[in-house]
Amino acid sequence: MSFYLPDEVVCNGEKFKVMISEAELQKRIGEIGAQIDRDYEGKKPILIGVLNGAFIFLADLMRHITIPCEVDFYKLSSYGDAKVSSGEVQQRKDVDANITGRHVILVEDIIDSGLSASYITNIVDQKKPASVEWVTLLKKTEALKYHVDIKYVCFEIPTLFVLGYGLDYAQEGRNLAQIYVIEDEAGKGK
Ligand code: IMP
Ligand code: MG
């Protein structure tokens, strides 16, 4: 399958340019999939995606994992339509699976402040899983305000607004097959 891979896009009237190409994404996700294969051999982990943003990353990650595994989803309230977080998180959907005693791998598109991830970690811990780890496609290293241990990070990025591959700007741009960065902020490094 070949996807639409423009170098630049306009989303909600703002210009974005490619930051991580489709080839780079797939290569790195393949490496993380292989690492999960090794770490969870014989354990049948359950991958739990955080909706909406993680759905494309999770779909590709799962196909790079070759050991038996399951899937489920949490849904949290999102950023709304702004580029900065409201600082409030609400659960919109719980997992359906019984995760007590299971090896849980939580899957995020991006860790920014860490608020969403720490909120979900607390909910999951109460269900007494056998183990819990996080895998994220992106991590804004400098933006972390809430401490969360993230075992698998595909890419560390500066504190910039990014789009595509599941990540949105006011709900648009999730269908882009690469990660794009907002052009105005691209040269600033922060
Ligand atoms: P946190 O709770 O501050 O870590 O934010 C995590 C959530 O905010 C992610 O799951 C994304 O849905 C969203 N988010 C954070 N940064 C960006 C971005 O640069 N672009 C799009 N969504 C983002
Ligand atoms: Mg998200």
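Since the model is a prediction, treat every value here as computed from it, not as a measurement. Just follow the structure's listing: the first ligand is 1, and inside any ligand the first atom is 1.
- Here is the list of ligand 1 atoms found below 4.0 Å of a heavy atom in Asp168: 21 (C).
- Contact check on Glu70 versus Arg102 returns a salt bridge, with a Lys/Arg side-chain nitrogen under 4.0 Å from an Asp/Glu carboxylate oxygen.
- Within ligand 1, the atoms closer than 4.0 Å to a non-hydrogen atom of Ser113 are 1 (P), 2 (O), 3 (O), 4 (O), numbered from 1 in the order shown.
- If you number the atoms of ligand 1 from 1 as listed, the ones under 4.0 Å from a heavy atom of Leu160 come out as 19 (O).
- In summary, Lys27 and Glu31 engage in a salt bridge, as defined by a charged side-chain N under 4.0 Å from a carboxylate O.
- By the 3.5 Å distance cut-off applied to N or O atoms, Phe161 is not counted among the residues near ligand 1.
- At a 4.0 Å cut-off, at least one heavy atom of Asp109 sits close enough to ligand 1 to count as contact.
- In the candidate list Leu167, Val162, Ile110, Leu115, Val162 is nearest to atom 20 (N) of ligand 1, counting heavy atoms.
- Short contacts between ligand 1 and Glu108, defined as distances under 4.0 Å to a heavy atom of the residue, involve ligand atoms 10 (O).
- Looking at heavy atoms from C-beta onward, Arg174 lies in side-chain contact with Phe55 at the 4.5 angstrom threshold.
- Close approach to Ser116 involves these atoms of ligand 1, each under 4.0 Å from a residue heavy atom: 1 (P), 2 (O), 5 (O), 6 (C).
- For the 3.5 Å distance criterion, the side chains of Gln178 and Ser21 fail to qualify, holding no donor opposite an acceptor.
- Remark: distances from the non-hydrogen atoms of Lys140 to ligand 1 include one below 4.0 Å.
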Which pairs of donor and acceptor atoms, one on a side chain in residues 56-69, lie under 3.5 Å apart (sequence neighbours left out)?
unit_1	atom_1	unit_2	atom_2	d
Asp60	OD1	Arg63	NH2	2.7
Asp60	OD2	Gln26	NE2	2.8
Asp60	OD2	Tyr165	OH	2.5
Arg63	NE	Ala59	O	3.0
His64	NE2	Gln26	OE1	3.2
Thr66	OG1	Asp37	OD2	2.8

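- The side-chain contact (heavy atoms from CB on, under 4.5 Å) test applied to Asn175 returns no partner, not counting sequence neighbours.
- Taking distance alone, with nitrogen or oxygen atoms compared against 3.5 Å, Gly114 approaches ligand 1 more closely than that limit.
- Using cut-offs of 30° and 60° for the angle between ring planes, the Phe161 and Tyr169 rings count as perpendicular.
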